[in-house]
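The sequence lines fix the lettering, A, B, ..., with proteins before strands; numbering per chain opens at 1.
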There are 4 protein chains.
Amino acid sequence: MNKRPRPAHAGERPSPPEALLEAAFRVFATRGYRATRLEEVAEEAGVTKGAIYYHFEGKEDLLRQALKHRHRAIFGEIERELAQQRAPASTKIRLVLRRLWQHVLNPTWGHTFRLMFGEAGVEFPALFRMWAEEGPIQGWSVVRRLIEEGVRNGEFQPGVDPEVAGRLAVSGLMLQGALQVHSGLQDLAPCDLDRIFDSGVDLFVHGLTVTHNQPRMPTP
Amino acid sequence: MNKRPRPAHAGERPSPPEALLEAAFRVFATRGYRATRLEEVAEEAGVTKGAIYYHFEGKEDLLRQALKHRHRAIFGEIERELAQQRAPASTKIRLVLRRLWQHVLNPTWGHTFRLMFGEAGVEFPALFRMWAEEGPIQGWSVVRRLIEEGVRNGEFQPGVDPEVAGRLAVSGLMLQGALQVHSGLQDLAPCDLDRIFDSGVDLFVHGLTVTHNQPRMPTP
Amino acid sequence: MNKRPRPAHAGERPSPPEALLEAAFRVFATRGYRATRLEEVAEEAGVTKGAIYYHFEGKEDLLRQALKHRHRAIFGEIERELAQQRAPASTKIRLVLRRLWQHVLNPTWGHTFRLMFGEAGVEFPALFRMWAEEGPIQGWSVVRRLIEEGVRNGEFQPGVDPEVAGRLAVSGLMLQGALQVHSGLQDLAPCDLDRIFDSGVDLFVHGLTVTHNQPRMPTP
Amino acid sequence: MNKRPRPAHAGERPSPPEALLEAAFRVFATRGYRATRLEEVAEEAGVTKGAIYYHFEGKEDLLRQALKHRHRAIFGEIERELAQQRAPASTKIRLVLRRLWQHVLNPTWGHTFRLMFGEAGVEFPALFRMWAEEGPIQGWSVVRRLIEEGVRNGEFQPGVDPEVAGRLAVSGLMLQGALQVHSGLQDLAPCDLDRIFDSGVDLFVHGLTVTHNQPRMPTP
DNA sequence: TATGAATGAGTATTCATTCAT
DNA sequence: CATGAATGAATACTCATTCAT
């Protein structure tokens with residue numbers, strides 16, 4: 001909480017041991033920020049509490065670094081993949097959403113989701129914004145652009161709202177992942193995960209697709 | 001040393017002061033479970049710490065009761081409203097989703113969402129399940145039933161998956177609410193709330209609706 | 001701890017309910033002074049905490065009164081009994097010690113013993129002295145007088161130390177009672193209680209009795 | 001909420017600072033268990049409260065360890081001393097009882113006695129049993145064996161009950177110690193401590209000793 | 001008389017943080 | 001680099017005591 005002056009050796013401090021960062025992420029994400037005792041992080045990493053203070057400034061700093069360390073924005077990769085595709089927008093959208101869904105199913109994502117909506121989000125808003133930008137927002141932006149493309153080439157209805165459509169598709173899948181997979185709702189309200197994805201995307205794409213019962217006029 | 005036996009008045013304990021429950025909910029939801037000091041709850045309710053221990057067993061019990069107290073499930077009311085409606089399924093769905101969206105927009109819901117995905121979910125899984133059952137699960141169950149109704153009367157496509165459709169519609173709106181309204185994303189990625197709802201529901205209903213299979217025009 | 005001024009109605013306060021005093025004694029003696037919660041005393045007596053404060057000044061006062069209430073000095077009775085006896089001193093001693101042993105075997109005595117040697121003795125020395133005077137000291141005084149009588153009439157050796165003999169006989173039985181009966185040592189180091197008394201008194205009386213191997217000269 | 005798992009160093013935890021154990025014993029014995037504030041123990045040992053929790057599990061653990069630490073049973077030493085003696089049983093008994101009396105006179109013993117009959121006895125029965133076994137029970141066992149020896153070699157009467165005799169001799173001295181020395185009875189009913197011991201042991205040994213059955217003279 | 005509700009001072013316990021070695 | 005020992009501020013919880021009714 002209170003910033004103590006950086007220790008004398010701060011400058012030449014070498015890259016902090018990955019083990020510590022990974023242990024920290026695991027424990028923070030499992031227990032929550034407050035409930036995490038540094039002792040447990042240290043134990044998990046096979047060192048002692050003191051070692052944490054050699055590498056990091058304190059608990060808060062540890063969380064920050066641990067989260068940064070986990071941040072490999074998947075979307076860079078996705079965009080690259082998309083650029084090479086020559087396919088209808090709906091196909092590309094399916095591709096993007098599938099990647100996203102795979103990502104969401106990953107325990108790491110579940111942990112981060114909990115962490116972000118738990119205390120960390122409130123106590124460190126900057127962290128939350130960082131995550132939101134690189135995660136959900138980026139996710140629905142990609143989808144939005146693909147929808148716009150689909151509208152432009154007549155594949156999708158001109159009336160659709162690409163922004164909102166992207167948001168809801170991505171949000172829907174994300175929250176379903178968080179609930180079913182990472183919050184143990186699978187046994188309270190079971191539902192096959194593939195079915196969620198497949199039926200969900202079908203519905204979404206169908207919702208976007210041109211279906212007017214008067215023949216749509218080609219754009220002049 | 002050993003937990004003292006429940007105080008004499010345990011059985012016939014009268015309804016504990018609502019003020020305390022409401023203050024507790026407010027503070028827990030704002031600060032998170034761990035970060036909440038009982039003293040603050042007491043202050044907020046205009047009593048002292050001791051009073052809390054007169055009415056509740058401890059911090060955990062207080063949280064539990066506070067959440068239960070908030071649980072006047074909105075769905076009972078919604079179902080009643082629906083029963084009186086004589087309208088197409090799509091209209092009813094719009095109605096339900098609107099109610100849900102209004103609920104989601106409420107700060108209370110945002111707080112609960114955070115609490116549930118934060119510490120409470122990990123430390124008190126039973127609470128999480130209770131919330132999930134009375135909240136999200138019930139939400140998408142209602143929608144699922146309406147979709148099934150729509151499918152039966154030919155309003156919706158026979159191919160739709162009512163379960164998944166319900167889940168995604170409800171989840172999408174919920175997470176959008178959590179992000180835009182309760183996590184400050186409105187200024188990072190602004191979007192009009194009415195637009196999210198309206199465009200979103202249009203898209204959703206359109207996705208469900210029977211396609212009068214006109215040949216789709218090839219892109220020119 | 002801090003003496004608040006006696007409440008206004010102190011003067012006409014009627015005799016406090018026996019139930020309260022008895023419950024108090026039971027709980028204090030079982031749990032110890034500190035560990036006793038007034039709530040438990042109240043419960044045990046079938047009233048509520050507040051009632052205690054109507055009748056007593058506080059926890060300390062309650063203890064004091066509870067102990068006073070239990071105080072039936074048994075020795076007055078014993079002395080009366082003795083006065084009517086025309087028997088050798090050794091017989092009278094046996095009688096006295098038997099009464100004492102019976103008293104010691106009583107749970108009430110065990111409780112008081114614990115209470116006195118526990119915290120109460122340290123925190124309220126006056127109480128301890130009162131108990132000691134009416135209990136152990138009076139006990140060994142009676143025995144001492146009987147020994148002196150026995151020495152005077154040649155039944156016991158002139159060399160015995162009546163004071164010390166009385167003290168040790170009484171103390172020995174008391175501590176054996178406290179340990180075997182009231183501290184659960186009976187199953188750790190079992191010993192028949194009658195045997196302790198009978199063998200013990202035999203040994204004691206034999207120790208007092210004239211056994212010189214030169215014939216003792218009658219006092220001139 | 002839940003007791004945290006024993007800290008990482010639990011297994012190889014080195015001998016906890018003696019200073020802490022000794023301070024703890026002092027304060028516990030003086031004030032009683034409940035009335036002892038850990039802060040006072042810490043102060044007495046020249047550390048802070050936190051240090052206690054580094055070395056011990058809590059208040060109860062501290063008491064347990066402190067008592068164990070005090071338990072360098074004196075009887076081992078006594079037995080060794082006895083083994084080297086070639087003397088009549090009565091002499092050996094005097095020796096043992098003198099050691100015991102010296103021990104009983106020690107303030108430490110008085111404190112422990114109070115502690116044992118006070119809260120510790122009720123709240124931690126196991127501790128009480130440990131103390132009883134290594135203290136009183138062991139004490140009277142040693143004496144019992146010496147009496148048996150004396151009986152075997154004709155020094156003591158064949159009719160004596162060594163078990164009971166041992167119990168009463170030891171108990172008598174112990175309680176006299178507790179009362180006179182450690183409970184301030186010396187000024188209420190003064191008695192020279194040496195006299196208690198000397199007259200007491202004389203009486204005891206005389207009680208055990210073979211009577212050269214001269215006819216006892218009738219009182220004149 | 002007695003009670004239910006509340007108070008508040010006291011205390012055990014936790015844990016991030018420091019630091020000599 | 002890392003550790004073991006210690007600190008001390010923060011905080012949940014207990015319970016004697018008060019008092020309006």
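In this entry the distance linking CZ of A:F56 with P of E:dA16 reads 15 Å, nearest Å. Following rounding to the nearest Å, A:L62 (CG) and E:dC15 (P) show an atom-to-atom distance of 16 Å. The separation between C:E43 atom CD and F:dC15 atom P is 13 Å, rounded to whole Å. Atom CG in D:D61 sits about 15 Å away from atom P in E:dA12, given to the nearest Å. Rounded to an integer number of Å, the gap from C:E39 CD to E:dA6 C1' is 13 Å. Per the geometry, CD belonging to B:E57 stands 14 Å off C1' belonging to F:dA12, to the nearest Å. Protein atom CD of B:E40 is 14 Å distant from nucleotide atom P of F:dA10, rounded to whole Å. Counting to the nearest Å, the C1' atom of E:dG10 and the CG atom of D:L38 are 13 Å from each other.
You'll find that the side chain of D:T48 is closest to F:dT7, out of F:dT7, F:dA12, E:dG4. Distances were taken from every side-chain heavy atom of C:V47 (C-beta onward) to each of E:dT13, F:dG4, E:dT3; the shortest belongs to E:dT3. When distances are taken from the side chain of D:R37 to each of E:dA6, E:dA12, F:dC1, the shortest belongs to E:dA12.
Taking the nucleotide of DNA chain E with the nearest heavy atom to each of A:K59 and B:G46, the more 5' of the two is matched to B:G46. Toward the 5′ end of DNA chain F lies the nearest nucleotide of A:G50, the other residue of the pair B:A35 and A:G50 mapping further downstream. With DNA chain E read from its 5' end, the first of the two nearest nucleotides for D:T36 and B:I52 is the one closest to B:I52.
To the nearest 0.5 Å, the span separating CZ on B:F28 from CD on B:E40 amounts to 10.5 Å.
The existence of a salt bridge linking C:R64 and C:E60 is confirmed by a sub-4.0 Å separation between a basic side-chain nitrogen and an acidic carboxylate oxygen. Ionic pairing of D:K49 and D:E43 is not present here: no N-O contact between side-chain nitrogen and carboxylate oxygen is shorter than 4.0 angstrom.
Searching all strands for a Watson-Crick or G-U wobble partner of F:dT21 with both distances below 3.5 Å returns E:dA2.
Considering only side-chain N and O atoms, B:H55 lies nowhere under 4.0 angstrom from the phosphate OP1 or OP2 of E:dG4. Listed pair C:Y53 / F:dT17 meets the phosphate criterion, a side-chain N or O lying under 4.0 Å from OP1 or OP2. Put simply, A:Y54 has no side-chain N or O that comes within less than 4.0 Å of OP1 or OP2 on F:dA2.
Taking the six-membered ring where the residue is Trp, the centroids of B:F113 and B:F117 are separated by under 6.0 Å.
Side-chain N/O atoms of A:K49 and base N/O atoms of F:dT3 include no donor-acceptor pair closer than 3.5 Å.
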Check the pair A:R31 / B:E119 against salt bridge (Lys or Arg N to Asp or Glu O under 4.0 Å), numbers first and verdict last. CA-CA 7 Å; A:R31 294 253 189 283; B:E119 307 143 284; over 6 Å; no
